[in-house]
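See below for the structure under consideration.
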Amino acid sequence: MNHRLPPVRRTPPQVAVSWRVVRSSREWWSALLATLALTACGAQPPRAELEPSKTNTEDASSPRPDTAHPPPADATTAAIELHSRDCPRVSPERPNYHEHVAPILHQHCSLCHRPDQAAPFSLLSFEDAYEHAEQIAEVTRSRYMPPWQPAHRGEAGFVEFANERSSSALEIEILQRWAQSGSEAGPVTQKRAAPTFPEGWQLGQPDLVLEHAEVYTLAASGLDVYRNFVLDTGASSARWVRAWEFRPRNARVIHHAIVNLDRHDWARGMEAADPLPGFDGMQDQASQSPGDSYLVWAPGNGAMKNPEGIAWQLPAHADLVLQLHLQPTGKPEAVRPRVGLYFAEQAPSLRAHMLRVGDVPIDIPAGASEHWIRDQYTLPVAGRVFSIFPHAHYLAREIRAWAQTPEGARVWLLHIDDWDFNWQDEYRYASPPSLPAGAVIHMEISYDNSSANPRNPNTPPIRVRDGYRSVDEMGNLSIQFVPDDPKGLSQLRESKYRRQLARGGPTSRVLYNLGNIELERGQLAQAQAHYEQALKLDERNHHAHHNLSVVLRRLEQLDRALTHARRAAQLAPEQARALDQWANIEVARGAWPQAVQILERRLALRADAATHQRLATALVRVGEAPRAAQHLLEVARLRPDDFAAQVQAGEQLARNSDWPLALECFERALLSRPEDPQLMRMIDQLRRRVAEQR
Amino acid sequence: MLAGDARATVLIYVRHDCPIANRYAPTIEALTKHYRPRGVEFRLIYLDDDETPELIARHQLEYSLSASALRDPAHRSVSRTGVRVTPQAVLVDADGRIQYSGRIDDAVADFGRYRARPTRADLRLAIDALLAGRNIEVRQTKAIGCYIPASPTPASAPTQ
């Protein structure tokens, strides 16, 4: 990640290891690694000393690697990498641009600091850097740039993240000296080409590109705006998404973007109620992140690829809800970003669960300069932590997250010293830490609600409590966790809902969710109990009515199943699945006329092949063969490649002496089986009949 | 440099691609309009040699800045005013004396750290005091913004 440092000239590194005092294999290894690290930095390894002196009798104890207990291979590689990134800290006295500064800027800055990207100016050439030398020195010294909130290497709570974009202490030192020593260009012979970046979509043309129908105009001045936009995916079946990319179009305005899913058309309603494109709100409560990923974009993030084996699900008929954090620039700005989705061919091999730690009540007195909230969560199963996304608003200051294993070991997950809402991001672990069942994940967040905090939105400070508005506070971690055993998913979900139950008291939604877990496990009686409780708390919870109906049907209690299916359809008349379930039960009861009625209503909602097919079956049962034939014809037309559908429709139409339409179906069937003699005979006959009719 | 019969002139150093200066555009425009009838003229100063008259005109149009613009690619005014960043304001009285130099207000606490609303409008306070003949309490503040290079870039410096 970090660039290779300029060759060190003034003080050649010395290997400060005396092999004579090496006693244990552990020391032997660390000495070897230190040597290798220097090699990685371009120094000459002191070859003569690589092997311990054979003449020295003191070495007899164990100077050589202890072959019985070699260090794990992983640890060795990691240590070598660590050292090579942490090369001897010597900055040239008068660094120059071409040799020393350009490699740093090109690696850490140019991705955003180039034309049409988020940054306000380019850092590609000497002239670019020269003009901003003083500013570069200042913002790198204060660690405002490159924007990276977690602890830096060497600081308390440092964790290595795959998407790290921090610069090293040496790099910062070089930039300071360059600004102070006249910002020289250096030898032209050392000049290197500016880096190039792929144009357009980073991963090629996406499988699905979404954008909002209308352009939103951000006002020239005022406070930051949080605006949500509904993107219609048009997906008729569920898809797995392996990667996604956000292209802001107007990069300087969009500070970050979060993508959520809405399965219930709630966000559409909110958008419809707002006269301008989109709708306002920092966190709309209508939509949710997919169950197994957190989708966030920040400037500088390219395409967001899931770790190997992980994908998130885009459910059928779900909308994407794009939440944008917009910063006024001084002039009106057009906002219309695009989202590209890349689908996976197959279901992912790993299933992740989003752990949520935090969301405890917050009540910060006005003026309090250090107010802590704490939370913890005990893992019910073992697994690995892939990523962490911390969330808080403007007053939060320090964020700490760590895991305590049952054996007492402490594993840092995240440490942010000075939280900045503007640069929130998801942090992906370079090597996902493994945690055993029973490990406790701890979260601590401090808030500064004093007037000395310039980020405080209230002057003078006021009492602040938890809530979704930007003047409220929040504090939570979304942690992407992959259980070692996929069966652990249902335990994780159950523990999540049990926690919600314990915290917020029983709500209809939580009880419904617990019912779903039991349903998935096949525990019908428990599922029934949860759904019934959910309905006791909220009789209008149509999801609970629906699923209770599913359970009762499996338990052969058809009359009660019918009652709840009807109620679900009554409460959510626009939901196709409610009518599907109702029709299922009518069919199970053998009530064919009722089934016909319900399926006709269902067809009016969405005319898909499956419903035409079911309606045709029901119509045959009530003796309406001609109408059944019409629906079979629709199935055949909607599924032109389905051989069986063509034949079934053709036969039914022929039975009703509807020769031309029957012919249409058999001719389509012939496309699938061009040589079928039986089909060809049938077609010949039908052609004759059609001719006779004329 | 000074506007003819104005009671005072305010020089605002800007740069077309400085996001901090640009974010101040609506504030600068409001101040320009507010003080024009009170005899205080605002002037925008562009220092970068690459900022051509056409580019300046386009910038003013885009950001709705109605104050007259001046170009100072040789940084002749910089030695007098000592400005280091954009945006920075310099209040000059009718006799050509610098009465205030610094930030417009305290909306920017640090790079990337904006207050929801400013708690102190330093430039306004200085102008009002000057117009009322009162003592200006704070004559100098630290402006936070995009640094002005010490001298024009060697590669693009005009030969003089």
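Any value given below was found using the heavy atoms of this structure, including those in side chains, with hydrogens, waters and symmetry copies removed. Note on naming: letters A, B, ... go to the chains in the order of the sequence lines (proteins, then strands), and numbering restarts at 1 for each one.
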### Task
With chain B as the partner chain, list the residues of residues 446-456 of chain A whose heavy atoms fall under 4.5 Å from it, by residue number, and write 'none' if nothing qualifies.
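Under the 4.5 Å heavy-atom cut-off, A:P454, A:R455 qualify.
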
Value rounded to 0.5 Å, distance of [atom1] in [X] from [atom2] in [Y]:
X      : Y      : atom1 : atom2 : value
B:D50  : A:E131 : CG    : CD    : 6.5 Å
B:Y147 : A:I136 : OH    : CD1   : 12.0 Å
B:I148 : A:Q135 : CD1   : CD    : 11.0 Å

If you look at every heavy atom in [X] and [Y], which pair is closest and at what distance?
X      : Y      : result
B:A25  : A:G330 : CB-O, 3.9 Å
B:P26  : A:S221 : CG-CB, 3.4 Å
B:F111 : A:E138 : CE1-OE2, 3.5 Å

Using heavy-atom distances under 4.5 Å, tell me whether [X] contacts chain A through its side chain, its backbone, both, or neither.
X      : answer
B:C146 : both
B:S64  : neither
B:D106 : neither

### Query
Which region of A:A220, side chain (C-beta onward) or backbone (N, CA, C, O), has a non-hydrogen atom less than 4.5 Å from a non-hydrogen atom of chain B, or is it both or neither?
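For A:A220, the contact with chain B is made by backbone and side chain together.
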
### Query
Heavy-atom distance under 4.5 Å to chain B: side chain of A:D420, backbone, both or neither?
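Just its side chain gets close to chain B.
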
### Task
Report yes if some heavy atom in the side chain of B:R115 is under 4.5 Å from a heavy atom in the side chain of A:T459; otherwise report no.
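B:R115 does not reach A:T459 side chain to side chain.
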
### Query
Is any side-chain heavy atom of A:Y144 less than 4.5 Å from a side-chain heavy atom of B:R113?
no

### Task
Please determine, among B:D48, B:T27, B:D110, the option with the most heavy-atom pairs under 4.5 Å with chain A.
B:D48

### Query
Is any side-chain N of the basic residue among A:D224 and B:R23 closer than 4.0 Å to the acidic one's carboxylate O?
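A salt bridge is present here (some side-chain N lies under 4.0 Å from a carboxylate O).
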
